[in-house]
Protein chains: 2
Amino acid sequence: MDKLTAIEAFAALAQPTRLDVFRLLVKAGHEGLSAGEIAKTLTIRQNTMSTNLAILARTGLVTNQREGRSIRYFADYQGISALISFLMEDCCGGNLEICQPIIDEIACGR
Amino acid sequence: MDKLTAIEAFAALAQPTRLDVFRLLVKAGHEGLSAGEIAKTLTIRQNTMSTNLAILARTGLVTNQREGRSIRYFADYQGISALISFLMEDCCGGNLEICQPIIDEIACGR
DNA sequence: TCCATATATCTAGATTTATAGATATATTAG
DNA sequence: CTAATATATCTATAAATCTAGATATATGGA
């Protein structure tokens, strides 16, 4: 991951609607949600949502796939993984105990 | 973590200087770095860096501590952990295999 | 082909953010 | 107290971003 990509991804997440969308898609998992379902769920106008979905997709945080008239969106787990990995690069450097709490946090309580 | 805090944290990271600072502090670990050392390392003017450090501190991504005339800054591992945790909330929900790759990524190759 | 549905793009005004010059505050030394 | 060092705050201009109205494109059905 390069720095510019990371900045665009963080900027994408730094906006209420897009943050909601991403978290919604994380919860939706492999099923994903159509653009229309997302807009309806979050009560955002169609064109505004479309713009925001495009921004998320451009950064690699979500993917999409056409299904007939609809377009289904999915959280891109690989994308978010690469972003977090970039951010925390060399966190451990011999000190695993520093980032262990972070790992635990993400490990869904397990 | 509430949504507004998360948005401010992502916005803080969505800027070249601040992203550099945070990654630098992650690498610096518990030793941290003084504001001056950070500005010098990244070749950013003093007042601009001060503004950006304040933004990072306000969001809970970094902490600081005065040491004589200097102020030493540290990455706040608990803060970033809470942010990532908020972002990935309910990712697992019965499907650990979805977020396992993310956990692995952050686990510093171990 | 014609229409309805689903999503995307173009556009402009309003708001937010970034940078750096000037200056202020805090700490230490003499 | 005065000077030097380290960092923070105030400020204004420039640049980027957000939203939503209008409109365009894509797909499926009759």
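Sequence lines set the chain letters: A, B, ... in the order given, protein chains first and strands last, and positions in each chain run from 1.
Residue contacts shown for A:Ser50 include a base, since a base heavy atom lies under 4.0 Å away.
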Revision key, fill the gap. Each nucleotide of nucleotides 17-30 of chain D classed B (base within 4.0 Å of a protein heavy atom), S (only sugar-phosphate) or -, in 5' to 3' order, makes -SSBBB----BSS-

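With rounding to whole Å, B:Met49 atom CE is found 14 Å from C:dA20 atom C1'. Put simply, CG on B:Asn64 is 15 Å from P on C:dA26, counting in whole angstrom units. Going from atom CD of A:Glu37 over to atom C1' of C:dT7 covers 14 Å, rounded to whole Å. B:Leu56 has its CG atom 16 Å from the C1' atom of D:dT7, to the nearest Å. The OH atom of A:Tyr73 sits 15 Å away from the P atom of C:dA6 (whole-angstrom rounding). Summarising the geometry, the separation between CD on A:Gln65 and P on C:dT7 is reported as 13 Å, rounded to the nearest angstrom. Taking atom NZ of residue B:Lys40 and atom C1' of nucleotide D:dT5, one finds them 13 Å apart after rounding to whole Å. If you take CZ of B:Arg72 and C1' of D:dA8, they are 19 Å apart, rounded to a whole angstrom.
Taking the six-membered ring where tryptophan is involved, the planes of A:His30 and A:Tyr77 are perpendicular, since the angle between them exceeds 60° and thus also 30°.
Each side-chain hydrogen bond (donor to acceptor under 3.5 Å, both in side chains) pair with one or both residues in residues 42-66 of chain B, not counting sequence neighbours, appears once here: B:Arg18-B:Asn52.
Listed by chain and number, the residues in a side chain to side chain contact (heavy atoms under 4.5 Å, CB included) with A:Ala28 are A:Leu33 (sequence neighbours excluded). A:Ser34 is linked by a side chain to side chain donor-acceptor pair (under 3.5 Å) to A:Glu37, counting only residues two or more places apart in sequence or in another chain. With sequence neighbours left out, the side chain to side chain donor-acceptor pair (under 3.5 Å) criterion links B:Glu67 to B:Arg72.
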Side-chain donor-acceptor pairs of residues 19-26 of chain A under 3.5 Å, sequence neighbours excluded:
residue : atom : partner : partner atom : Å
A:Asp20 : OD1  : B:Lys3  : NZ           : 3.2
A:Asp20 : OD2  : B:Lys3  : NZ           : 2.8
A:Arg23 : NH1  : B:Phe86 : O            : 2.7

